[in-house]
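Step one of this worksheet: look at the structure below.
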Protein chains: 2
Amino acid sequence: MKQKTPPACPMDSILRLLMGPWTTYILWVLSDGGPQRFGALKRAVPGISTRVLTERLRMLQAAGVIWRDQTQTIPPAVTYGLAERGDDLRQVLESLGEIAQRWQYEGAFETDLPRDFSSTVD
Amino acid sequence: MKQKTPPACPMDSILRLLMGPWTTYILWVLSDGGPQRFGALKRAVPGISTRVLTERLRMLQAAGVIWRDQTQTIPPAVTYGLAERGDDLRQVLESLGEIAQRWQYEGAFETDLPRDFSSTVD
DNA sequence: ATGGATGGTTACTTTTTCGTGCCTACTTAT
DNA sequence: ATAAGTAGGCACGAAAAAGTAACCATCCAT
């Protein structure tokens with residue numbers, strides 16, 4: 001028996017959706033560059049693996065944040081784009097982005113960052 | 001050469017701060033119940049381990065989202081509370097929470113959920 | 001003196017995730 | 001014919017994160 005289920009609020013679900021390393025970036029790419037195909041997305045999110053990109057897209061699609069359009073041509077062309085819920089999300093994420101920018105300007109994020117983020121060195 | 005560093009925006013930093021399984025719940029507890037001591041927080045977030053609670057609190061404090069007040073009594077009493085940045089965050093998180101509630105009402109979150117969330121069975 | 005509470009830290013172990021490589025199935029280019 | 005591209009799926013291993021337990025130092029109650 002695991003019994004995690006920490007919050008009573010659905011907040012956790014939505015955060016779980018957005019939390020992954022690349023998720024919001026994918027949303028930003030789709031919101032900024034419009035509907036795109038899988039390969040274009042992969043190129044627009046440099047460093048992501050196909051595995052994770054696929055997983056993220058499926059999650060977002062399952063939650064109705066993005067849509068997926070697959071044409072049954074012989075090399076199947078799949079296009080992804082923001083759905084209505086993606087737009088809901090985009091607005092909140094923009095607010096969050098503004099806060100993030102202000103904080104970065106003020107020098108938060110200097111002392112934390114658990115992962116190897118912002119380590120452009122090799 | 002890892003070269004992750006996906007986004008050019010500081011969005012990722014702030015998300016990394018909030019992403020952990022319990023982080024926003026801790027913020028909600030602090031915002032809802034006011035400044036509290038470590039033990040009270042741990043009790044208010046049932047299921048969290050001291051390790052993760054400590055880590056989250058330190059991250060949040062390092063980012064200036066919460067403050068930490070330690071009285072040098074003999075069993076040291078440490079109190080945490082929302083700082084100004086926590087209030088910035090709280091507003092956005094409330095918007096996100098509203099969206100999350102609406103989505104849950106509409107039945108998003110039915111088909112995804114990568115983890116064992118909402119599986120109260122053993 | 002022993003046990004419990006406070007507020008953690010550290011080490012050990014497990015769980016989960018992520019990256020990589022290999023595979024499909026078909027088409028186009030060479 | 002072979003290689004590459006399209007859109008992933010699958011499996012293995014590595015890495016990171018999280019849980020667990022023990023421990024610290026001190027005080028109070030028993």
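Values below: every heavy atom of this structure, side chains too, minus hydrogens, waters and symmetry copies. Sequence lines set the chain letters: A, B, ... in the order given, protein chains first and strands last, and positions in each chain run from 1.
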For the pair A/Arg90 and A/Glu94, find out whether any cationic side-chain nitrogen is under 4.0 Å from an anionic carboxylate oxygen. yes
Atom-to-atom span, CZ of A/Arg43 to P of D/dA7 - whole angstrom: 8 Å
Could you state the atom-to-atom distance from CZ of A/Arg58 to C1' of C/dC18 in whole Å? 17 Å
Closest approach of B/Leu18 to B/Thr24 (non-hydrogen atoms, all atoms of both residues): O-CG2, 3.9 Å
To the nearest angstrom, how far is B/Leu18 atom CG from D/dA17 atom C1'? 17 Å
Measure from CD on A/Gln36 to C1' on D/dT6 and round the result to the nearest Å. 16 Å
Take the protein atom CD of A/Gln72 and the nucleotide atom P of D/dT6, then report the distance between them rounded to whole Å. 17 Å
Under 4.0 Å between a side-chain nitrogen and a carboxylate oxygen: does that hold for B/Arg85 and B/Asp88? no
d(CG, B/Leu57; P, C/dG7) in whole Å: 11 Å
Over how many whole Å does the gap from B/Gln70 atom CD to D/dT26 atom C1' extend? 14 Å
For A/Ser49, answer base if it contacts any base atom (sugar-phosphate contacts may also be present), sugar-phosphate if it contacts only those atoms, and nothing otherwise; contact means non-hydrogen atoms under 4.0 Å. base
Any side-chain N or O of A/Arg37 less than 4.0 Å from the OP1 or OP2 oxygen of D/dT6? no
Interatomic distance where CD belongs to B/Glu55 and C1' belongs to C/dG8 [whole Å]: 13 Å
For B/Arg68 and A/Thr50, take the nucleotide of DNA chain C holding the closest heavy atom to each; which residue's nucleotide lies nearer the 5' end? B/Arg68
The answer to which of A/Tyr80 and B/Arg56 contacts DNA chain D further toward the 5' end, by nearest nucleotide, is A/Tyr80
Of B/Arg37, B/Gln61, B/Gln36, B/Arg68, the one forming a side chain to side chain donor-acceptor pair (under 3.5 Å) with B/Tyr80 is B/Arg68
From the set D/dG8, D/dA7, C/dG8, return the single nucleotide nearest to any side-chain atom of B/Val78. C/dG8
Looking at A/Arg51, I'd like to know whether one of its side-chain N or O atoms comes within less than 4.0 Å of OP1 or OP2 on C/dT20. no
Nearest heavy-atom pair of A/Pro76 and A/Gln70: which atoms, and what distance? CB-NE2, 3.7 Å
Can you find a side chain N or O atom of B/Trp22 that sits less than 4.0 Å from OP1 or OP2 on D/dA17? no
